[in-house]
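Have a look at the structure below, then the notes.
Quick note: residue numbers are just sequence positions, from 1. Just so you know, these numbers use all the heavy atoms, side chains as well, and skip hydrogens, waters and symmetry mates.
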Amino acid sequence: MVRANGAVSLRELARVVQTSEVTVRRDVRALEAEGLLDRRHGGAVLPGGFTRESGFPQKSHLATAEKTAIADLAAGFVEEGEAIVVGAGTTTQELARRLARVPGLTVVTNSLLVAQALAHANRVEVVMTGGTLRGSNYALVGSGAEQSLQGLRVSRAFLSGSGLTAERGLSTSNMLSASVDRALVQAAGEVVVLADHTKLGSDTMFQTVPTDVITRLVTDEPPAHDDRAATELQALADQGVQIAVASGSLTGQPPAQPGMDAAPPERRGPRRDVPLPGQRRNHPGAAPGAPQLRSAGSLGDGRVADLAPRRR
């Protein structure tokens, strides 16, 4: 499966071979010892280290359910009549499919896949950058793309990448893609990163968005055994990043109770405070009334957790 797709998640492997993730993880570890693949957070990829980047066909098969949930949730942060930028990636492509329903929207993008997803949206204007086509991810890169973004100002940018850590922020394996992503960030008032749990704790060659520039991270809920991802999420929150988690239920919490707002994600209703186990509503030194851990309306059968920063 890794040879065919370039990358695969442990969840998908366990589903296909009809066994537990514990068994799959053991077998992946054994295959890595033989040099047949590299383990990555929540999955496995072909050997290659920092410099290797999977192409679109490989990425499109990794963490598909998680990307769908993330895109559903991220669409809820976009308002009618906004002007935004959307970077290249399989998760941002999923987001674009949902943005087609937002009237009066202007989307600036360097991604052919994002533009294609919005091509038939009657009330959405799509603005493409210039640049040179990079076939592996169907994105426009290079000086032409960067120059076309000069002087642009939009409300927010939605970006994805290859890895995300609290220490370095968002990163990618390709220098040209990283450079364009940085230009997209410069054009936006806020930066929203879309990254599934398999990217948390992974670090790749080129930094695109430093942690202190990221306004919000939209991700999925890590598996219960995934202490590394949970630790990384808390570290990101401690540095001021707002965390929005799309999942079937909040960690350790029961499903949404009757009366909790169930508005569609693109038009979420009022929020209500729901603390996670082990989290404090008000951390020491927080200003009175400062936002802490909150949940929003349900996402299908899931809910949202906004993990506000403990300190900046």
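- Note that CG of L194 is 6.0 Å distant from OG of S160, once rounded to the nearest 0.5 Å.
- Looking at T219 and K199, their side chains never bring a donor and an acceptor atom within 3.5 Å of each other.
- For the pair D220 (side chain) and H197 (backbone), a donor-acceptor distance under 3.5 Å is present.
- To the nearest 0.5 angstrom, L133 atom CG is 10.5 Å from N110 atom CG.
- Closest approach of A14 to S20, counting heavy atoms only: CB-C, 4.1 Å.
- Atom CD of E80 sits about 12.5 Å away from atom CZ of R101, to the nearest 0.5 Å.
- Shortest non-hydrogen contact noted between E232 and A166 is OE2-N, 2.6 Å.
- Remark: the backbone N or O of G142 is not paired with any side-chain donor or acceptor of R134 at under 3.5 angstrom.
- Counted by atom type alone, T198 and D196 present one or more donor-acceptor pairs between their side chains at under 3.5 Å.
- Atom CZ of R123 is separated from atom CG of L105 by 11.0 Å, given to the nearest 0.5 angstrom.
- Without hydrogens or angle criteria, T211 side chain to G169 main chain gives a donor-acceptor distance under 3.5 Å.
- Cation-pi geometry between R156 and F77 is not satisfied (NZ or CZ under 6.0 Å from the ring centre, within 45° of the ring normal).
- In this structure the side chain of V241 never reaches within 4.5 angstrom of the side chain of V193, judged on heavy atoms.
- Between the side chain of T92 and the backbone N or O of G87 there is at least one donor-acceptor pair closer than 3.5 Å.
- Under the 4.0 Å criterion applied to side-chain N and carboxylate O atoms, R98 and E94 are assigned as salt-bridge partners.
- Shortest non-hydrogen contact noted between L170 and I214 is N-CD1, 4.3 Å.
- With respect to I70, the side chain to side chain contact (heavy atoms under 4.5 Å, CB included) criterion is satisfied by exactly one of T91, V245, L217: T91.
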Test V108 against L149 for side-chain contact (heavy atoms from CB on, under 4.5 Å), laying out the working first. CA-CA 9 Å; V108 181; L149 293 166; 4.1 Å; yes
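- Rounding to the nearest 0.5 Å gives a distance of 13.0 Å between OG1 of T23 and CD of Q18.
- Inter-residue side-chain proximity for F158 and L99 is flagged as unmet; no heavy-atom pair is nearer than 4.5 Å.
- Taking E32 as the reference, R39 meet the salt bridge (Lys or Arg N to Asp or Glu O under 4.0 Å) condition, with sequence neighbours excluded.
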Output side-chain donor-acceptor pairs under 3.5 Å for residues 179-187, partner residues at least two apart or in another chain, one line each.
{"unit_1": "S179", "atom_1": "OG", "unit_2": "E146", "atom_2": "OE1", "d": "3.2"}
{"unit_1": "S179", "atom_1": "OG", "unit_2": "E146", "atom_2": "OE2", "d": "2.7"}
{"unit_1": "R182", "atom_1": "NH1", "unit_2": "Q207", "atom_2": "O", "d": "2.4"}

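- Within the 3.5 Å criterion, the main-chain N or O of S9 finds no donor-acceptor partner in the side chain of E12.
- With values rounded to the nearest 0.5 angstrom, N174 atom CG is found 11.5 Å from T208 atom OG1.
- Considering every non-hydrogen atom in both A75 and L95, the closest pair reads N-CD1, 3.6 Å.
- The heavy-atom pair separating I243 from L236 by the smallest distance is CD1-CB, 4.1 Å.
- At distances below 3.5 Å, at least one donor-acceptor pair connects side-chain atoms of S171 with backbone N or O atoms of T204.
- For the pair V192 and I84, the minimum side-chain heavy-atom distance is 4.5 Å or more.
- Within the 4.5 Å cutoff, side-chain heavy atoms of L113 are placed close to those of Q116.
- In this structure, the side chains of T109 and M128 come closer than 4.5 Å at one or more pairs of heavy atoms.
- Looking only at side-chain heavy atoms (C-beta outward), D27 and T19 stay at 4.5 Å or farther from each other.
- Counting all heavy atoms, side chain and backbone alike, D203 lies closest to R168 at OD1-NH1, 2.5 Å.
- Cluster membership check: V22 does not share its hydrophobic cluster with V24, using side-chain heavy-atom separations under 4.5 Å among Ile, Leu, Val, Met, Phe, Trp and Tyr.
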